[in-house]
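Atoms considered below: every heavy atom in the structure, side chains included; atoms not considered: hydrogens, waters and symmetry mates. Just so it is clear, the model here is predicted, and its values are computed rather than measured.
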There are 2 protein chains.
Amino acid sequence: MMVAANVRDVAALARVSVGTVSNVLNSTKKVAPGTEKRVLEAIETLGFVRNDAARQLRVGQSRMVGMMVLDVGNPFFTDLARGVEDTLALSSRSLILGNSAEDAAREESYLHLFEEQRVAGLLITPVSRTTDRLERLRRRGTPVVLVDRFGGIGDFSSVSVDDRRGGQIALQHLVDIGRVRPTFIGGSSAVVQVSERLHGAQSVLSEAGIAPLRVIERPYMSADAGRDAAEELLALDPSERPDSIFAANDLLALGVLQALTRAGVRVPDDIAIIGYDDIYFAASAAVPLSSVRQPTRGMGKAAAELLTAEIDGTAGSEFQHVVFEPELMARESTRVPT
Amino acid sequence: MMVAANVRDVAALARVSVGTVSNVLNSTKKVAPGTEKRVLEAIETLGFVRNDAARQLRVGQSRMVGMMVLDVGNPFFTDLARGVEDTLALSSRSLILGNSAEDAAREESYLHLFEEQRVAGLLITPVSRTTDRLERLRRRGTPVVLVDRFGGIGDFSSVSVDDRRGGQIALQHLVDIGRVRPTFIGGSSAVVQVSERLHGAQSVLSEAGIAPLRVIERPYMSADAGRDAAEELLALDPSERPDSIFAANDLLALGVLQALTRAGVRVPDDIAIIGYDDIYFAASAAVPLSSVRQPTRGMGKAAAELLTAEIDGTAGSEFQHVVFEPELMARESTRVPT
DNA sequence: GAGGACGATTGAATCGATATAACTCGAATC
DNA sequence: GATTCGAGTTATATCGATTCAATCGTCCTC
């Protein structure tokens, strides 16, 4: 097994000092054209690739940014990550993606990893409301930006969508098409997105004077969980069933849709369904799914820009909160029956 | 801004030497219970988190594994990554995921990043057939395992599904339901998966004595590309259109399905469609999509295990090739019209 | 009570790139 | 001719964790 070449080897071959090699690599100081050429050739012939661990140790910070999402299996988050990645590439930084799967322990373990790596910054959609670990990272000098979560708690910049408003939009839509017995299907209420969307939905109901919202809670917001929740509804006497469902995300909604359709329930005639996120697959579902859209890529871009500014120290002293507006995408699954 | 504590600070507070702190951190040598307790307390009070760059510099290798996939937006690859991640976690390694987006330049840039990081190993679904960079990584001592790609070219272990067989299965199914004018919609033929699936499909046709397969090539295998390809078919006179479509992956197939349905083409009556990968959303599509299933999680697990064995040196000297069998999932989109 | 034996602990050397102060050498200035 | 200047280059200290040979105690054995 070949031992990798280091700056010293490159310096020896190019007949210069290691300092000069470093200057070529980082273009920090002027290097004479002839010298630079010799160094580059030496790098080429030795197949030298800089050891980033050494660089990082000296510089004290990585060129990587950590990102924690709630579910990599959810296209919403992968879209978000792509927006972030593209923007980070502009300042030649790269992304390490961590998947908490809505689990506090997994989140903790990834944050520990990120801290060991001395990431340059952190983008996070936290599982819960506690921010101890985040405070600690910041005290260490690592900027943190909250994603898909308003930064009211703790002082962090944030990029978010008004989830309460989104919940209102969804439920108002169900009311508008004449539904009076809606059910909310969501993940753990500890997840802020879920509780905010629920609150938004409830606020509409109380104003419209409709019976309180029935709530079905599942620990994890996957399509499987949606199917499972639908089974619970199917076990009810048809007269007891809701006439409409608001699911906290599209994966849940698609799972519900699939289970209901399979059981012979007509969507939207018997039960209307609206989801959240407007992932790509919503529009192409068996019954095209109504949803509340979030401007995913734009959010990713905004988050990366906020973070980059904080890392580079070009951010002001104030924490920024970029809030996007959700938007109703009405489709077949909430059509008014004819 | 607080300066982070290091082993020296911990050692001072616990009244031991730095060597002992290291022994506690890595449990390499026996440490007296009392001493260990003092060290752990010091770590706790100082909020010490090991600087992995320093560790890595000394040890010469990272605890991270790099993984290059063709498309993070494709659930097939995120499922694969989750299988890998779960398995790596067993040996407390973590994953850096890189998305080449089927682009050789992006792939190159990620591989460079991985090399700078001195990743412990690499899992890759390469964009093309060239293996120069991979050879180089291996020469440096970094094990490489090919994923979703048979390792015939270059000597690498691999985990794959028999793509040619998958192509055969798909097209045989179309022939079985009586279709005689199939069209193949795929990504760039430089992508091995695409060309193999195509070859498999063609082999069925020549045996069945059916007219050669029409091929539509798109540079990228996304749902948008699928819609775009469908437009091309829709521009044809109906009598010229195919009676069936085999798409190289489900994203393409779902895009095609959506565009055709919107244009009033009946699926499967006018045109039958079969995809590839059997991603979750295939079954819940407007017309449930037939597909060729790959055992995604199992592949991820197998790949991670092969790689781990090579990293730990417990692998034999022979390169291993794990080949999974694809499986037909027949659904509504290829039903025989009644 | 001397000599091992063994477990626990120490401390200096080390990994590779970068930062910095010092230096060289030729040109420009007076 | 001495001095200043500055671009280019060099040599060395440094970052923080790990390693390993050396050392320290303590108990055991004869």
What is the separation between atom [atom1] on [X] and atom [atom2] on [N], rounded to the nearest whole Å?
X: B:L57; N: C:dT18; atom1: CG; atom2: P; answer: 12 Å
X: B:R8; N: D:dT14; atom1: CZ; atom2: P; answer: 12 Å
X: B:Q61; N: C:dG16; atom1: CD; atom2: C1'; answer: 16 Å
X: A:Q117; N: D:dG16; atom1: CD; atom2: C1'; answer: 14 Å
X: B:Q56; N: D:dG16; atom1: CD; atom2: P; answer: 16 Å
X: A:N6; N: C:dC15; atom1: CG; atom2: C1'; answer: 10 Å

Any residue meeting side chain to side chain donor-acceptor pair (under 3.5 Å) with [X], in chain and number order, not counting sequence neighbours:
X: A:T314; value: none
X: A:Q320; value: none
X: A:S22; value: A:N26

Keeping [X] on the side-chain end and [Y] on the backbone end, is there a donor-acceptor pair under 3.5 Å?
X: A:S188; Y: A:A190; result: yes
X: A:D103; Y: A:S100; result: no
X: B:R15; Y: B:A12; result: no
X: B:E107; Y: B:V127; result: yes
X: A:S92; Y: A:A89; result: no
X: B:R63; Y: B:S91; result: yes
X: B:T308; Y: B:A304; result: yes

Base versus backbone protein contacts along nucleotides 19-26 of chain C [heavy-atom cut-off under 4.0 Å; B, S, -]: BBB-----
Short side-chain N/O contact to C:dT10 OP1/OP2 from B:T20, under 4.0 Å: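 For C:dT10, OP1 or OP2 has a side-chain N or O of B:T20 closer than 4.0 Å.
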From CA spacing to verdict: salt bridge (Lys or Arg N to Asp or Glu O under 4.0 Å), B:R106, A:E85: CA-CA 12 Å; B:R106 286 190 60 144; A:E85 205 180 4; 3.8 Å; yes
Sugar-phosphate, base or nothing in reach of A:V21, heavy atoms under 4.0 Å: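 Here A:V21 touches no strand at all.
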Neighbours of DNA chain D within residues 47-55 of chain B, by heavy-atom distance under 4.0 Å: B:F48, B:R50, B:N51, B:A54, B:R55
Positions of residues 30-45 of chain A (non-hydrogen atom under 4.0 Å from DNA chain D), listed by number: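 Those residues are A:K30, A:V31, A:A32, A:T35.
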